[in-house]
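What follows is a single structure, written as structure tokens, with notes after it.
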Amino acid sequence: MPRWAAHPLPRRSLLKAGAAGLALPTAAWSQHKPDITLRFSHVVAEETPKGLAAERFKVLVAQRSGGRVGVQVYPNAQLYGDHDEMRALQLGAVDLVAPSLSKFGRIGLPEFELFDLPFLFDDLAAVRRITQGALGQKLLKGLTHQGLEGLGFFDNGFKQMSANRPLLEPKDFVGLRMRVQASRVIAAQMRALGAVPVTLAFSETRQALASGVVDGTENPISNFWTQAMHEVQTDVSLTDHGYLGYAVVTNQRFWQSLQRADRELIAQALQEALAFANQIADTQNDQALQALRQAGNINVHQLTTVQRNRLRLAVQPVQQAFVNRMGSGWTQALQMAMRESRN
Ligand code: LMR
């Protein structure tokens with residue numbers, strides 16, 4: 001029997017620190033049937049930074065509105081997956097989604113893919129200086145052209161590579177079919193490494209790895225662990241080569257239909273939930289890595305500086321390809337914002 005067959009429900013929970021942080025008191029509001037219910041759909045497990053942020057948001061909204069406004073969270077692509085969640089939002093079938101920034105190209109906003117440029121950010125503080133500054137605001141504003149309203153950014157963390165072999169140097173990637181999100185930048189990154197990118201929905205990834213449709217993938221460890229991808233991959237290599245973050249998006253028509261006071265209450269609760277996600281993103285990934293090591297059925301590889309530099313060098317053309325496609329405006333704005341934030 002293949003190793004994964006013993007676990008028909010692969011998702012793993014762990015992440016007690018995040019869960020403990022959720023312990024907000026429940027009260028009378030929990031008895032009420034809300035007047036307004038926001039449907040929040042996402043594709044990852046509840047014990048990830050995104051899942052925990054959604055739950056915290058739900059509790060804060062209920063508390064502050066005295067139960068009048070409710071949030072119904074649908075995790076794990078239960079309702080909609082990568083292929084249809086944006087469309088569902090535009091049609092009003094759900095009210096909130098939080099796709100990764102890599103998934104906005106498919107709705108005509110490829111500038112969001114600048115966050116996918118490999119080896120761009122040294123740490124999450126550098127990312128936040130962009131997402132919380134003028135450039136972040138400009139990106140969110142672009143959503144209005146699609147009938148959407150961007151309510152904020154938040155982090156998961158840095159991505160690692162997995163396959164059934166160590167991925168330490170460019171030569172290790174050659175010929176591998178690597179699952180990627182629907183981002184042309186990530187696809188170009190895999191091609192630059194000699195791999196073949198295969199775009200698949202997140203919810204299809206574990207099965208595709210298990211059945212050999214793809215050979216490997218990339219994700220922060222919290223996603224890797226909560227989908228039990230370690231049961232269908234033998235090696236994870238700690239490349240820290242790229243960033244994974246999200247934007248919370250609502251439907252403009254729905255947003256404008258709310259009373260101003262409710263919009264403010266919801267926006268405030270969301271900002272607090274996203275700040276919470278940012279606080280726990282690193283620790284969630286650290287804990288997931290610890291759990292992965294303890295599970296013992298996967299080899300975890302730390303790259304040397306020389307190996308990481310070889311990967312960095314190999315993916316350098318990706319940046320130029322982005323500039324060729326998008327014009328230099330976005331990367332110049334990015335570089336300027338990064339320079340300013342260093343001063
Ligand atoms: C992925 O598709 O790999 C991620 O974007 C999933 C997520 O939402 O974290």
Side-chain angles (χ1 to χ4, degrees), residues 40 42-43 49-50 53 57 82 85-87 89-90 95-159 180-189 220 242-256 263 266-267 270-271 273-275 277-278 281 318-342:
F40 188 164
H42 69 81
V43 301
K50 179 157 50 184
F57 171 61
D82 289 340
E85 66 177 4
M86 284 289 204
R87 190 83 193 116
L89 182 68
Q90 283 168 323
D95 308 307
L96 288 165
V97 297
S100 77
L101 304 175
S102 320
K103 293 173 185 167
F104 286 82
R106 69 193 325 172
I107 59 157
L109 297 166
E111 58 271 23
F112 277 76
E113 291 178 12
L114 64 84
F115 290 98
D116 294 332
L117 290 168
F119 297 100
L120 182 65
F121 300 108
D122 291 334
D123 51 32
L124 290 179
V127 179
R128 284 174 204 154
R129 288 194 291 261
I130 305 300
T131 50
Q132 292 167 10
L135 188 55
Q137 286 313 306
K138 186 172 168 190
L139 285 163
L140 291 184
K141 246 190 163 152
L143 286 159
T144 56
H145 303 300
Q146 305 292 344
L148 303 173
E149 182 89 26
L151 299 179
F153 291 99
F154 67 110
D155 300 320
N156 187 327
F158 286 91
K159 294 180 289 186
V180 295
Q181 306 180 70
S183 155
R184 285 167 73 174
V185 169
I186 302 178
Q189 165 204 282
Y243 165 74
L244 182 77
Y246 310 105
V248 181
V249 184
T250 185
N251 177 314
Q252 237 177 5
R253 221 173 330 112
F254 166 74
W255 190 239
Q256 291 309 326
R263 277 204 299 272
I266 293 165
L270 186 67
Q271 287 319 312
L274 301 189
N278 286 349
V318 176
Q319 180 137 354
Q320 193 53 48
F322 180 81
V323 172
N324 294 347
R325 179 159 61 96
M326 302 294 301
S328 54
W330 287 103
T331 41
Q332 273 169 7
L334 181 75
Q335 275 153 9
M336 203 190 300
M338 288 175 97
R339 263 199 309 275
E340 273 167 12
S341 61
R342 272 190 214 113

Which atom of A182 lies closest to which atom of E113, heavy atoms considered: O-OE2, 4.2 Å

Quick one: are [X] and [Y] in side-chain contact, heavy atoms under 4.5 Å?
{"X": "V97", "Y": "F40", "value": "no"}
{"X": "V249", "Y": "L89", "value": "yes"}
{"X": "F57", "Y": "L274", "value": "no"}
{"X": "L139", "Y": "F115", "value": "yes"}
{"X": "I130", "Y": "M338", "value": "yes"}
{"X": "I266", "Y": "R263", "value": "no"}
{"X": "K138", "Y": "W330", "value": "yes"}

Atom CZ of R325 with >12 non-hydrogen neighbours under 6.0 angstrom: yes

Side-chain (T250) to main-chain (D95) donor-acceptor, under 3.5 angstrom: yes

Would you mind writing out the side-chain donor-acceptor pairs for residues 145-159 within the sub-3.5 Å range, not counting sequence neighbours?
from: Q146; atom 1: NE2; to: I107; atom 2: O; distance (Å): 2.9
from: D155; atom 1: OD1; to: Y243; atom 2: OH; distance (Å): 2.5
from: D155; atom 1: OD2; to: R128; atom 2: NE; distance (Å): 2.5
from: D155; atom 1: OD2; to: R128; atom 2: NH2; distance (Å): 2.7
from: N156; atom 1: OD1; to: S222; atom 2: OG; distance (Å): 3.4
from: N156; atom 1: OD1; to: N285; atom 2: ND2; distance (Å): 3.2
from: N156; atom 1: ND2; to: Y246; atom 2: OH; distance (Å): 3.1
from: K159; atom 1: NZ; to: E218; atom 2: OE2; distance (Å): 2.8

Test side chain to side chain contact (heavy atoms under 4.5 Å, CB included) applied to N278 and Q132, step by step: CA-CA 12 Å; N278 286 349; Q132 292 167 10; 4.0 Å; yes

Distance-only donor-acceptor hits, side chain of residues 98-106, under 3.5 Å, sequence neighbours excluded:
from: S100; atom 1: OG; to: S102; atom 2: N; distance (Å): 3.4
from: S100; atom 1: OG; to: Q181; atom 2: OE1; distance (Å): 2.5
from: S102; atom 1: OG; to: D116; atom 2: OD1; distance (Å): 2.8
from: S102; atom 1: OG; to: D116; atom 2: OD2; distance (Å): 3.4
from: S102; atom 1: OG; to: Q181; atom 2: NE2; distance (Å): 3.4
from: K103; atom 1: NZ; to: D82; atom 2: OD1; distance (Å): 2.9
from: K103; atom 1: NZ; to: D82; atom 2: OD2; distance (Å): 3.1
from: R106; atom 1: NH1; to: D82; atom 2: O; distance (Å): 3.3
from: R106; atom 1: NH2; to: H83; atom 2: ND1; distance (Å): 3.4

